[in-house]
Amino acid sequence: MYIESLEIKNFRNYEYLCIEFHSGTNILYGDNAQGKTNVLEAVYLCGTTKSHKGSKDKEIIRFDQEESHIRMMVNKDGVSHKIDMHLKKNKSKGIAIDGVPIKKASQLFGIVNIVFFSPEDLNIIKNGPSERRRFLDLELCQLNKIYLQDLSSYNKVLNQRNKLLKDISFSPQLESTLDVWDQQLVSYGKKIISVRCQFMQELNDIIKDIHKNLTGGREEIFLEYEPNVSADSFEEEMSKARGRDLKFKMSSIGPHRDDFCVKVNGIDIRKYGSQGQQRTAALSLKLSEIYLVKKIIKDNPVLLLDDVLSELDSNRQNYLLQSIKEIQTMITCTGLDEFIQNQFSINKVFRVIDGNIVTE
């Protein structure tokens, strides 16, 4: 699996761009704020329907424009597929695969699997629980269409329930309608908890050896899933929390409050780990993502590295570069020094200057 080409119109700082990628390592280099990350964002958005930054469509469209277009050609098992995405300021995006419009985002998943690694990911361990939930959801949504549908349904029900909790303070007679939303929330929530639990187990099997290699055998890592509530007790806990939910006008129980703990040599490094330990664990997490995707889809994902190398020391740089040799990779950086020092093979180099790209 690899991306053959990308064509974008009125996307971020690009008026128009057409770029052809190599199936190996592609470097996009140049000064900061020139548009390197925007290329990776377009690739990720076209493959997953979401911006890795969490940006809304209207924020992505070029200034003073009403629409933006992305076209990406993907080679999967020797067959080319075309993904067209049409972003509009005040409407939902339109997506077509091989010229056929799709109605649900889930129909896009499976065409291409993408792992995105940015400097912000190095903080995933020490940041709040929402960052770790986002890590789980971004990967699971690509790998599991049913999970995507359940998560989407859960979030819709959660929003409706929270709205109802606010409305009840003005119209107490509405409280009797809470049962309907509670049942739906529990139904979807149980499925989400179950899939996350299984995912964490599979991740643990893979991350153990990666982290041991990264630390020269000095550290052993373990990921401990911390569900806000277990699937078995969700319904009971939901019922117990109703009074509190009505008081604070928000849903206090459910997988929207899940977290996971990262332990190194038995110590919770969120609280007690050094910055170096936290960064190494984050790198292990991302590398584990690659191997897990490969195991599940029986193919390599596409890897996007956004200015990550400059954040790592030479040992971690070297380990990362050696780990991705067989994967199509798009790497942004300000210079080529890291690759020369590591004697790393580069297949194609692009110079990015103020929304223009020159192939070198």
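If you're wondering where the values come from, they're calculated on a predicted model, not measured in any experiment.
- Defined by atom type and a distance below 3.5 Å, a donor-acceptor pair is missing between the side-chain atoms of H22 and Y2.
- With no hydrogens or angles considered, no side-chain donor-acceptor pair links S5 and E20 at under 3.5 Å.
- Here the CG-CG distance, from L28 to L40, works out to 6.5 Å after rounding to the nearest 0.5 Å.
- Remark: the E220 side chain and the H211 side chain contain no N/O donor-acceptor pair separated by less than 3.5 Å.
- Under a cut-off of 6.0 angstrom, the local environment of NZ in K166 is crowded, with over 12 non-hydrogen atoms contributed by other residues, nucleotides or ligands.
- E226 CD to R257 CZ: the interatomic distance, rounded to the nearest 0.5 Å, is 14.5 Å.
- Taking a cutoff of 4.0 Å between a charged side-chain nitrogen and a carboxylate oxygen, K89 and E67 do not qualify as a salt bridge.
- For the pair Q34 (side chain) and N32 (backbone), a donor-acceptor distance under 3.5 Å is present.
- Using a cutoff of 4.0 Å between basic side-chain nitrogens and carboxylate oxygens, D182 and R242 are scored as salt-bridged.
- Taking CD of Q275 as the start and CG of L122 as the end, the distance is 9.0 Å to the nearest 0.5 Å.
- Between E4 and S80, the side chains place a donor N or O and an acceptor N or O closer than 3.5 Å (distance only, hydrogens not considered).
- When all heavy atoms of I253 and H256 are compared, the closest pair comes out as O-CE1, 3.2 Å.
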Chi angles and distances behind the side chain to side chain donor-acceptor pair (under 3.5 Å) call for T37, D306: CA-CA 6 Å; T37 300; D306 186 24; 2.8 Å; yes

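- The CG atom of N318 sits 10.0 Å away from the CG atom of D313 when rounded to the nearest 0.5 Å.
- Residue D258 is tested with R134, R133, R196 for a salt bridge (Lys or Arg N to Asp or Glu O under 4.0 Å); the sole match is R196.
- Salt-bridge annotation for K263 and E224: present, with a side-chain N of the basic residue lying under 4.0 Å from a carboxylate O of the acidic one.
- Across every non-hydrogen atom of V293 and P301, the tightest pair is CG1-CB, 3.8 Å.
- Nearest heavy-atom pair across R270 and F260 is NH1-O, 3.5 Å.
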Intermediate values then yes/no, salt bridge (Lys or Arg N to Asp or Glu O under 4.0 Å), R132 and D259: CA-CA 6 Å; R132 290 180 285 281; D259 198 357; 2.6 Å; yes

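- T329 contributes no side-chain N or O that, together with a main-chain N or O of T25, makes up a donor-acceptor pair within less than 3.5 Å.
- Side-chain atoms of Y29 and E360 form a donor-acceptor pair, as typed in the model, at a separation below 3.5 Å.
- Under the ring-ring contact (aromatic ring centres under 6.0 Å, His included) criterion, H52 pairs with F116, sequence neighbours left out.
- In this structure, the side chain of S68 engages the main chain of N10 through a donor-acceptor pair within 3.5 Å.
- Side-chain contact check for N13 and D354: no donor-acceptor pair (N or O, by modelled atom type) lies under 3.5 Å.
- Checked for salt-bridge contact, R71 and D84 meet the test: a charged N lies under 4.0 Å from a carboxylate O.
- The shortest heavy-atom contact between N265 and R218 is ND2-O, 3.4 Å.
- Side chain of N162 to main chain of N159: no donor-acceptor pair is present (N/O by atom type, distance under 3.5 Å, no hydrogens or angles).
- The shortest side-chain heavy-atom distance between V112 and K76 does not fall under the 4.5 Å cut-off.
- The heavy-atom pair separating L87 from I61 by the smallest distance is O-CD1, 3.8 Å.
- Judged by distance alone, the side chains of Y225 and Q201 never bring a donor and an acceptor atom under 3.5 Å apart.
- With hydrogens and angles disregarded, no donor-acceptor distance shorter than 3.5 Å links the side chain of K50 to the backbone of S55.
- We find that E289 and K286 are joined by a salt bridge, their nearest charged nitrogen and carboxylate oxygen being less than 4.0 Å apart.
- Contact check for N26 versus I331: no side-chain heavy atoms found under the 4.5 Å cut-off.
- The main-chain N or O of M1 is never found under 3.5 Å from a side-chain atom of N75 such that the two would form a donor-acceptor pair.
- Considering S251, P255, S153 in turn, S251 is the only one that fulfils the side-chain contact (heavy atoms from CB on, under 4.5 Å) rule with L158.
- Note that CD1 of I27 and CG of L309 are 8.0 Å apart. Values are rounded to the nearest 0.5 Å.
- Closest approach of I124 and A282 over heavy atoms only: CG2-CB, 3.9 Å.
- Within the structure, ring pair (Phe, Tyr, Trp, His ring centres under 6.0 Å) contacts touching residues 265-309 (residues at least two apart or in different chains) do not occur.
- In this structure a side-chain-to-backbone donor-acceptor pair under 3.5 Å is missing from E311 to D307.
- In this structure, OG in S23 is found 12.0 Å from CD1 in I3, a value given to the nearest 0.5 Å.
- With salt bridges taken as basic N to acidic carboxylate O contacts below 4.0 Å, one links D57 and K93.
- Using a 4.0 Å cut-off between a side-chain N of Lys or Arg and a carboxylate O of Asp or Glu, E66 and K88 do not qualify as a salt bridge.
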